[in-house]
Amino acid sequence: MPEGPSIYILKEELQPFVKKTITSASGYADLDFKKLKGQKILSIESWGKHLLIVFKKAYVRIHLLMFGTYRINERKEANPKLTLKIGKDELNFYTCSVKYFEEDPTNVYDFDADVMSTTWSPRKALKKLRSQPQLNVCDALLDQQIFSGVGNIIKNEVLFRIRVHPKNTIGNLPDPTIKNLVKEAANYTWDFYEWKKINQLKKHWLIHTKKICPRCHIPAFKEYIGKTKRRTFYCDNCQIIFKPKKGSGSAVVKKNN
DNA sequence: ATACATGTTGGAGC
DNA sequence: GGCTCCAACATGTA
């Protein structure tokens, strides 16, 4: 389910619980539930794919990983990893990672790296990218320290949108293209968010899971690319492989097929 | 029905 | 010590 926008939506759905106090906590998470009981929720935030329930001197971090789900005032036919009772309300989180930290999240997270944050910094992302010219573009987009919140679907769609072939390294991209990559990583993430809210995400996919390129109508490629080896859909015709820049020291990229 | 997928981590091995 | 690789986790769907 969850890339950044889905967690952002979850955060929004949970805002009514801010300033409320946790009546009880339970579940099969490896957690000291006593520490949650009686805590007042000061804020509910997100950083990329992390949901943060913030207390006075602590926070709970929930990561839905690949299969995580949740219910608000509803239950699934499954054991919840975490149940929070808040007065007569109930939050249930399933198959996710839940951890309790006795720290201030502002000391832990760099919100400038979150593509959906009000403090998202394209400039810092650009700087991080330029410092790693050997980095494959797929790996770059999935790097949560550079593009927190971007997941595999967003990766595929962004590269298709900006017509960049997934086998490029960052160092091979012309400067305007790197800037466009940063810009579209955030832009597409917000589009994803709008479509997700109205349950119309899949119908807007251009290349992800597609067998045919919607632009030139030739067969699309599916391949596992980069050190992350994630499923990558692309059009070998529309998406350009750039020539290595002189003196960049980056590896030569062969055009496949 | 077996395999695979919107993700991350911790530990093994080098 | 540090880097890389892979198993592990867990569920819904084709």
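Bear in mind the structure is a predicted one, so any value in this text is a computation, not a measurement. Letters go in sequence order (proteins before strands), and every chain restarts at 1.
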Trainee: Under 4.0 Å between any heavy atoms, over every strand shown, what does A:Lys229 touch: base, sugar-phosphate, or nothing? Just pick one.
Mentor: nothing
Trainee: Hey, can you tell me if A:Phe221 and A:Tyr234 have their rings parallel, tilted or perpendicular (30° and 60° cut-offs)?
Mentor: parallel
Trainee: Is there a side-chain contact between A:Phe242 and A:Thr177 in this structure, where contact means two heavy atoms from C-beta onward sitting under 4.5 Å apart?
Mentor: yes
Trainee: Of the nucleotides B:dG7, B:dA5, C:dA10, which one has an atom closest to the side chain of A:Thr95?
Mentor: C:dA10
Trainee: Rounded off to whole Å, could you give me the CE-to-C1' distance for the A:Met66 and C:dA7 pair?
Mentor: 14 Å
Trainee: Whether A:Lys81 contacts C:dA10 is assessed here as follows: a side-chain N or O lying under 4.0 Å from the phosphate OP1 or OP2. Is that the case?
Mentor: no
Trainee: Quick one: is A:Arg230 getting a side-chain N or O under 4.0 Å of the B:dG7 phosphate, OP1 or OP2?
Mentor: yes
Trainee: Would you tell me if any nitrogen or oxygen in the side chain of A:His208 comes within less than 4.0 Å of OP1 or OP2 on B:dT6?
Mentor: yes
Trainee: Could you check which of B:dC4, C:dA10, B:dT8 has an atom nearest any side-chain atom of A:Tyr224?
Mentor: B:dC4
Trainee: Once you round it to whole Å, what is the distance between C1' of B:dG7 and CD1 of A:Ile7?
Mentor: 11 Å
Trainee: Measuring only the P atom in each nucleotide, how far is C:dT4 from B:dT6? A whole number of Å is fine.
Mentor: 24 Å
Trainee: When you match A:Asn79 and A:Lys202 each to their closest nucleotide on DNA chain C, which lands nearer the 5' end?
Mentor: A:Asn79
Trainee: Could you check how far CD of A:Gln200 sits from P of B:dT6, rounded to whole Å?
Mentor: 21 Å
Trainee: Starting at atom CD1 of A:Ile62, determine the distance to atom P of B:dG7, rounded to an integer number of angstrom.
Mentor: 18 Å
Trainee: Would you please say whether a donor-acceptor pair under 3.5 Å links the side chains of A:Thr232 and A:Lys155?
Mentor: yes
Trainee: Can you figure out which of B:dT9, B:dG7, B:dA5 approaches the side chain of A:Arg61 most closely?
Mentor: B:dT9
Trainee: Taking the side chain of A:Asn152 as its heavy atoms from C-beta onward, which of B:dT9, B:dG7, C:dT11 lies nearest to it?
Mentor: B:dG7
Trainee: Rounding to an integer number of Å, can you tell me how far A:Lys227 NZ sits from B:dT8 P?
Mentor: 12 Å
Trainee: Are A:Phe160 and A:Trp205 an aromatic pair, judged by ring center distance below 6.0 Å?
Mentor: no
Trainee: Distance check needed: B:dT9 P versus A:Leu64 CG, whole Å only.
Mentor: 14 Å
Trainee: Checking side-chain polar atoms at under 3.5 Å, does A:Glu13 have a donor or acceptor matched by the opposite partner on A:Tyr70?
Mentor: yes
Trainee: Reckon A:Lys49 touches a base, only the sugar-phosphate, or nothing at all at heavy-atom distances under 4.0 Å?
Mentor: sugar-phosphate
Trainee: Provide, to the nearest angstrom, the distance between the OH atom belonging to A:Tyr8 and the P atom belonging to B:dT6.
Mentor: 25 Å
Trainee: Would you call A:Glu3 and A:Lys196 a salt bridge, taking side-chain N to carboxylate O under 4.0 Å as the test?
Mentor: no
Trainee: What does B:dT6 pair with, Watson-Crick or G-U, if both distances are under 3.5 Å?
Mentor: none
Trainee: Provide, to the nearest angstrom, the distance between the CG atom belonging to A:Leu201 and the P atom belonging to B:dT6.
Mentor: 12 Å
Trainee: Look at the side chain of A:Phe67 and decide which nucleotide, out of B:dA5, B:dT6, B:dT8, has an atom nearest to it.
Mentor: B:dA5
Trainee: Taking the same atom, P, in B:dA3 and in C:dA7, what whole-Å distance lies between them?
Mentor: 15 Å
